[in-house]
Amino acid sequence: MLGDGGMTSCTPEFHGDPGDGAVSFMHTFAAKHGCGVREIPQGSIVRLRFPYLSGPRNPLTQCLRRFGVRGQSRAEKHLPDEPFSRSFWIGCVSGLVDTDGHVRERRHPKGTVHGSVEYATVSPLLARQVADTLLRLGVTSRHRAIERRSEEAHWVNGYRIKGRRPLNGLEVSRATALVRLADLLRLRIGYKATSLAGVAHAVGHVAPARSDMHGYDESVAVDRVASIESAGRKRVFSFAVGPASLFIVNGLVTGAA
């Protein structure tokens with residue numbers, strides 16, 4: 001729903017290709033919650049609406065509201081700030097790649113295969129949260145904002161568009177990160193799952209740089225605390241960071257309790 005779902009209408013909606021696994025999953029998901037499915041063809045995709053079969057309250061709407069993700073526009077979408085399980089976050093990232101992600105394979109003129117998994121959203125907060133979630137799962141990514149301003153105004157569905165919001169893109173392109181990501185994700189869209197498995201197989205021979213100790217990524221060396229000494233009682237200041245409780249101090253990735 002955070003990917004291709006409608007988060008502001010009265011009835012939850014989802015847009016997708018009727019031939020892929022994401023739409024099939026939404027059918028099953030709606031039935032599990034006692035909702036009907038109304039399909040509205042829109043060219044090559046279908047718009048799914050999920051009206052409740054009986055009673056005044058829609059359980060899907062209630063669920064989205066409970067986690068604070070209901071009523072968000074595209075640029076304001078974000079993940080709920082809840083301590084969900086590891087399998088939940090894997091499923092969440094899988095769903096976002098299924099809806100707004102792309103698997104790309106590139107071949108160097110010399111024949112070397114490179115690949116990437118890319119995810120894009122107009123919500124900068126959602127992009128940062130996905131990058132943070134990937135890091136907690138041991139996958140490094142690169143985040144960049146792409147300006148999409150147009151010089152001349154144009155019309156889309158009766159609305160005058162003078163400029164477009166920047167697109168926030170995440171890219172996982174390091175061979176070791178791609179292999180790890182392919183092992184984690186459970187994609188429902190068949191061609192993306194096949195492409196990811198093929199890319200991971202093609203770059204799987206690349207060994208990570210080794211160190212005696214490593215953190216999320218085997219090429220990132222970490223230090224071990226050798227000793228702790230008392231410094232007495234002093235006034236200190238702290239701050240909260242989330243959701244992975246990581247921040248950078250003097251170029252070092254630090255964890256907050």
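Because the structure is a prediction, the values reported are computed rather than measured.
Of the charged side-chain nitrogens involved, at least one lies within less than 4.0 Å of a carboxylate oxygen, so that Asp132 and Arg136 count as a salt-bridged pair. Arg107 and Glu105 are joined by a salt bridge, as a carboxylate oxygen and a charged side-chain nitrogen come within less than 4.0 angstrom of each other.
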Which pairs would a plain distance check flag for residues 181-203, meaning a side-chain donor or acceptor within less than 3.5 Å of a matching protein atom at least two apart in sequence or in another chain?
unit_1, atom_1, unit_2, atom_2, d
Arg186, NH1, Asp183, O, 2.9
Arg186, NH1, Leu184, O, 3.3
Lys192, NZ, Val97, O, 3.0
Lys192, NZ, Asp98, O, 2.7
Lys192, NZ, Gly101, O, 2.8
Thr194, OG1, Gly190, O, 3.0
Ser195, OG, Tyr191, O, 2.9

Name the atoms and distances for all side-chain donor-acceptor pairs under 3.5 Å in residues 20-36, with sequence neighbours left out.
unit_1, atom_1, unit_2, atom_2, d
Asp20, OD1, Ala22, N, 3.0
Asp20, OD1, Val23, N, 3.3
His27, NE2, Glu39, OE2, 2.8
Thr28, OG1, Ser24, O, 3.3
His33, ND1, Phe29, O, 3.1

* Go through the steps to decide whether Thr140 and Val172 satisfy the test side chain to side chain contact (heavy atoms under 4.5 Å, CB included), and finish with yes or no. => CA-CA 7 Å; Thr140 54; Val172 176; over 6 Å; no
* Decide side chain to side chain contact (heavy atoms under 4.5 Å, CB included) for Glu171 and Val117; before the verdict, give the C-alpha distance in whole Å, the side-chain angles of both, and the deciding distance to 0.1 Å. => CA-CA 6 Å; Glu171 181 183 60; Val117 174; over 6 Å; no
* In sequence, state the C-alpha distance, the side-chain angles, and the governing distance for His143 and Asn168, and then conclude on side chain to side chain contact (heavy atoms under 4.5 Å, CB included). => CA-CA 7 Å; His143 176 207; Asn168 294 271; 3.3 Å; yes
* For Leu60 and Tyr52, run side chain to side chain contact (heavy atoms under 4.5 Å, CB included): C-alpha distance rounded to whole Å, both residues' side-chain angles, the deciding distance at 0.1 Å, then the answer. => CA-CA 8 Å; Leu60 291 185; Tyr52 195 23; over 6 Å; no
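Remark: Arg74 CZ to Leu126 CG distance equals 13.5 Å, nearest 0.5 Å. The structure places OG1 of Thr61 at 4.5 Å from CZ of Arg70, a figure rounded to the nearest 0.5 Å. A distance of 13.0 Å separates SG of Cys92 from CE of Met1, quoted to the nearest 0.5 Å. Atoms OH and CG, from Tyr119 and Leu96 in turn, are 4.5 Å apart once rounded to the nearest 0.5 Å.
Judged by distance alone, the side chains of Thr121 and Ser123 never bring a donor and an acceptor atom under 3.5 Å apart.
Under the 4.5 Å side-chain heavy-atom criterion for ILVMFWY residues, no single connected hydrophobic cluster contains both Leu125 and Val122.
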